[in-house]
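We use all heavy atoms of the structure for the numbers below, so side chains are in, but hydrogens, waters and symmetry mates are not. Numbers here simply count residues along the sequence, with the first being 1.
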Amino acid sequence: MDWQRKISHLMGQPIGVSFTNGQGASGILCDANGGQLYLMEYMYHSQFALKHYDYQMIQDINGFPPCHQNHHNHHHQQPLY
């Protein structure tokens with residue numbers, strides 16, 4: 001599980017989590033202990049939930065990239081109103 005080495009560098013940061021079942025989640029990495037990863041996820045309106053995931057469910061974790069990247073690689077989308 002190479003992703004476990006990333007935990008200390010990503011603590012308190014927004015991350016994306018890919019699971020072994022092909023699904024994913026994103027949120028703020030709040031904690032990791034007891035074989036569990038704790039992620040603060042946005043639900044709806046002004047509600048957030050601290051969710052926990054077993055290490056065995058996780059394939060990889062990655063920090064979010066910066067907003068200002070090379071514009072040639074951006075996929076422009078229409079704003080949502």
Worksheet entry | Closest approach of Asn62 to Lys6 (non-hydrogen atoms, all atoms of both residues) | OD1-NZ, 3.1 Å

Worksheet item: How long is the span from the CD atom in Gln56 to the OG1 atom in Thr20, to the nearest 0.5 Å?
Response: 9.0 Å

Fill in: Nearest heavy-atom neighbours spanning Asp2 and Arg5
OD1-NH2, 2.5 Å

Worksheet item: Side-chain heavy atoms under 4.5 angstrom apart, residues restricted to Ile, Leu, Val, Met, Phe, Trp, Tyr: same cluster for Ile28 and Ile15?
Response: no

Fill in: Geometric class of the Phe19/Tyr53 ring pair [parallel <30°, tilted 30-60°, perpendicular >60°]
tilted

Worksheet, complete the sentence: Tightest non-hydrogen contact, residues Ala25 and Glu41, listed as CB-OE2, 3.8 Å

Worksheet item: Are Phe64 and Met40 grouped together when hydrophobic residues (ILVMFWY) are joined by side-chain heavy atoms under 4.5 angstrom apart?
Response: no

Worksheet item: If you look at every heavy atom in Trp3 and Asp60, which pair is closest and at what distance?
Response: CB-OD1, 3.4 Å

Fill in: Same cluster (ILVMFWY, side-chain, under 4.5 Å), Phe48 and Leu37
no

Practice prompt. Determine, step by step, whether Met43 and Lys51 satisfy the side chain to side chain contact (heavy atoms under 4.5 Å, CB included) criterion, reporting the C-alpha distance in whole Å, the side-chain angles of both residues, the deciding distance to 0.1 Å, and the verdict.
Written response: CA-CA 11 Å; Met43 302 306 288; Lys51 295 189 177 182; 4.0 Å; yes

Discussion item. Tell me whether Tyr55 shares a hydrophobic cluster with Leu39, the cluster being built from Ile, Leu, Val, Met, Phe, Trp, Tyr side chains joined at under 4.5 Å.
Written reply: yes

Discussion item. Do Tyr42 and Tyr38 sit in one hydrophobic cluster, given that two such residues count as connected whenever their side-chain heavy atoms are within less than 4.5 Å of each other, even indirectly?
Written reply: yes

